[in-house]
Asker: 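Take this structure, written in structure tokens, and hold onto it; I'll ask about it next.
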Amino acid sequence: MIRVENLSMRLGNFALTDVNLRVQRGEHSIILGPIGSGKTTLLKCIAGIYRPDSGRIEMDGEDVTELPPERRNIGYVPQDYRLFPHLTVSENISFGLRVRRSGNLEDRTRAMLDLVGLSDLSRQCIKCLSEGQKQLVALARALAIQPKVLLLDEPFTRLDSTAKVRLRRELRRIHEQTGVTIIHVTHDFEGSLNSRNRVAIMNDGRLVQDLSEIKKYLDEKLGYIPIDLRAGG
Amino acid sequence: MRLNGNRSFSSFSFLALASLLALFLFFVTLLLSVFLYVGPRELASSLLSEEILFSIRLSLITATMATAACLLVAVPAAYALSRFNFRGKGLVDVLLYLPIGMPPVALGAALLIFFGTPMGGIFSARFVFEVPGIILAQFAVISALATKIMKSTFDGIDPEYESVARTLGCSRFQAFYKVALPLAKGGLITAVAISWIRALGEFGATVMLAGATRMKTETLPVAIFLNLETADVVKMSAAVLILAGVGLTALILIHKLGKRWPAV
């Protein structure tokens with residue numbers, strides 16, 4: 001389980017304020033919020049890239065707040081994927097395994113290529129891939145190290161509408177197949193509210209998880225409350 | 001005549017192209033004048049003379065050692081300037097680039113003065129008027145330049161690459177050498193080539209610190225100076241041509257490699 005308690009951080013003029021979040025093992029949680037609301041900052045705190053000013057982050061009961069990113073066992077997929085352009089597809093996927101000197105490097109890389117359906121492209125260079133393929137390679141690279149949690153920062157932003165639908169389906173399948181815990185941040189209200197995942201709202205550096213507050217926020221933001229939420233689910 | 005993205009041939013286009021042609025002809029004339037002054041046979045014998053061969057060897061060795069030492073310091077220093085925020089960073093930034101705006105002869109004078117102080121005096125016998133002095137003088141001149149090139153290169157690489165590498169298990173150092181450094185390959189090659197050419201042609205700081213002693217601290221630029229003093233135009237021309245040839249080769253290499261490793 002991932003537990004974030006009273007997390008606060010100031011970054012220039014912006015501040016994350018007293019954020020509390022609980023994500024159960026195997027859950028796919030979505031944090032929804034407008035651009036600049038603090039979603040990426042929260043993800044980077046969980047990943048260990050930013051150190052919060054106060055608060056606590058726990059993973060499976062262990063306090064990881066002071067741990068550097070390399071000791072948290074987290075899969076992180078940034079918005080622009082940041083695939084390493086000097087490496088091929090399979091070298092990108094096996095990067096974390098090589099750093100960790102994993103014994104089953106080749107088998108694990110092949111399994112990840114199969115999982116995302118890119119076995120034919122294993123020797124391709126990164127710039128030869130489409131945006132959708134890059135997203136899948138980034139997912140495979142993050143999943144290869146068998147992370148405790150997968151952090152996805154706006155994973156569909158750079159995709160066209162057809163690719164978005166396909167990738168959403170792929171992500172659902174990968175989640176079902178691996179059972180990995182996912183925290184996924186996005187500003188795509190429409191796409192996310194139609195999914196079956198747990199949703200929290202990030203607004204101006206604060207996280208809103210209370211259902212009535214979420215409904216109120218969405219009513220103000222979208223002008224309507226999605227059917228699933230109207231029923232109280 | 002075809003012009004990129006512009007079909008009309010304006011008077012400004014004419015002026016721009018005329019300036020380009022004038023500049024090109026200016027440098028070609030400079031180089032050709034050396035050939036006009038000295039015949040190929042005289043030039044060949046000078047190139048093989050003991051003094052010029054000594055200068056070539058000394059120049060190649062000192063420039064290579066100075067470049068290697070400079071990169072060992074400049075690459076991590078540039079990375080620190082690009083990636084870390086600390087108090088007084090602006091001041092460090094300006095001071096590090098001071099040698100770029102300072103005449104080499106002044107830098108050499110500062111080095112000489114340093115070796116006259118009680119602290120510098122401990123090492124003065126090893127550096128002043130000695131070959132290690134040449135390497136130190138070249139290092140002083142090129143280190144700021146290499147740091148500047150490498151800092152611009154690291155600034156152009158999104159730190160998010162290293163953040164991802166760290167979540168995948170890299171320590172800060174591993175993220176640097178497994179990700180940032182390979183991505184900076186293009187800039188690194190440029191820094192090596194430009195620093196090396198600059199070190200090879202270094203004169204002002206070298207003469208101040210290591211002096212101009214024939215067959216001892218006689219690098220190629222020093223050879224030009226010494227042969228000018230004794231009015232040996234043939235040997236002087238040979239040294240000029242070698243420096244021009246090496247410089248041109250290195251620049252062509254940068255151009256070719258720059259195409260192979262474009263910026264990220």
Side-chain angles (χ1 to χ4, degrees), chain A residues 11-12 40-41 43-51 64 67-87 91-102 105 112 125-127 137-154, chain B residues 71 75-76 78-80 82-87 89-90 149-193 253-254 256-264:
Chain A
L11 207 67
T40 301
T41 308
L43 275 200
K44 287 188 174 180
C45 284
I46 297 173
I49 297 165
Y50 289 163
R51 182 179 283 193
V64 298
L67 287 186
E70 62 267 29
R71 290 180 53 201
R72 294 195 183 195
N73 199 26
I74 272 177
Y76 172 54
V77 180
Q79 196 172 340
D80 295 328
Y81 324 129
R82 290 300 176 228
L83 294 170
F84 307 130
H86 59 298
L87 304 178
E91 285 167 346
N92 261 279
I93 293 173
S94 62
F95 183 89
L97 300 170
R98 269 184 282 126
V99 171
R100 290 157 186 251
R101 299 175 194 275
S102 295
L105 193 141
M112 286 299 106
C125 64
I126 295 307
K127 65 179 177 189
V137 175
L139 274 173
R141 178 179 65 178
L143 286 168
I145 58 167
Q146 294 177 296
K148 281 180 186 166
V149 58
L150 181 63
L151 305 176
L152 305 177
D153 190 0
E154 304 274 9
Chain B
L71 285 172
V75 173
Y79 186 75
S82 172
R83 291 294 190 262
F84 306 137
N85 284 318
F86 51 87
R87 198 173 288 215
K89 184 176 168 179
I149 295 170
M150 287 314 296
K151 183 185 178 286
S152 307
T153 306
F154 287 129
D155 283 347
I157 299 169
D158 191 337
E160 191 89 318
Y161 283 109
E162 290 132 84
S163 296
V164 172
R166 293 198 67 192
T167 62
L168 291 167
C170 284
S171 63
R172 199 177 259 284
F173 175 65
Q174 283 176 317
F176 164 73
Y177 87 80
K178 281 181 184 287
V179 176
L181 207 51
L183 294 183
K185 205 183 231 172
L188 190 64
I189 288 165
T190 306
V192 170
L253 202 72
I254 297 172
K256 294 260 181 218
L257 292 174
K259 279 184 183 168
R260 249 178 90 181
W261 287 297
V264 177

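Predicted model only: the values in this text are computed from it and were never measured.
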Asker: Using side-chain heavy atoms (C-beta onward) and a distance below 4.5 Å, is A:Phe95 in contact with B:Val164?
Answerer: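 Answer no - side chains too far apart.
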Asker: Heavy atoms only: give me the nearest B:Arg166-A:Pro68 pair and the separation to one decimal.
Answerer: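 Closest pair (atom of B:Arg166, atom of A:Pro68, distance): NH2-CB, 3.6 Å.
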Asker: Atom OG of B:Ser171 and atom CZ of A:Arg71: how far apart are they, to the nearest 0.5 Å?
Answerer: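 Rounded to the nearest 0.5 Å, the OG-CZ separation comes out at 12.0 Å.
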Asker: Supply the atom-to-atom distance A:Arg82 CZ to B:Ser163 OG, rounded to the nearest 0.5 angstrom.
Answerer: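 Answer for the CZ-OG pair, A:Arg82 versus B:Ser163, is 10.5 Å.
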Asker: Checking heavy atoms, do the side chain of B:Ala175, its backbone, both or neither come under 4.5 Å from chain A?
Answerer: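 No part of it gets close to chain A.
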Asker: Is the shortest side-chain heavy-atom distance between B:Leu168 and A:Val99 below 4.5 Å?
Answerer: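 In short, these two side chains do not touch, never coming nearer than 4.5 Å.
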Asker: To the nearest 0.5 angstrom, please state how far the OG1 atom of A:Thr40 sits from the CD atom of B:Glu160.
Answerer: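 One gets 8.5 Å once the value is rounded to the nearest 0.5 Å.
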Asker: At a heavy-atom separation under 4.5 Å, does A:Leu151 approach chain B through its side chain, its backbone, both, or neither?
Answerer: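 It is neither, since no heavy atom gets under 4.5 Å.
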Asker: So what's closer than 4.5 Å to chain B heavy atoms on A:Arg72: side chain, backbone, both or neither?
Answerer: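 No part of A:Arg72 comes within 4.5 Å of chain B.
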Asker: Out of curiosity, B:Thr167 OG1 to A:Arg141 CZ, how far, rounded to the nearest 0.5 Å?
Answerer: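 Going from the OG1 atom of B:Thr167 to the CZ atom of A:Arg141 covers 7.5 Å.
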Asker: Once you round to the nearest 0.5 Å, how far does CZ of A:Phe84 lie from NZ of B:Lys178?
Answerer: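 With rounding to 0.5 Å, CZ (A:Phe84) is 10.5 Å from NZ (B:Lys178).
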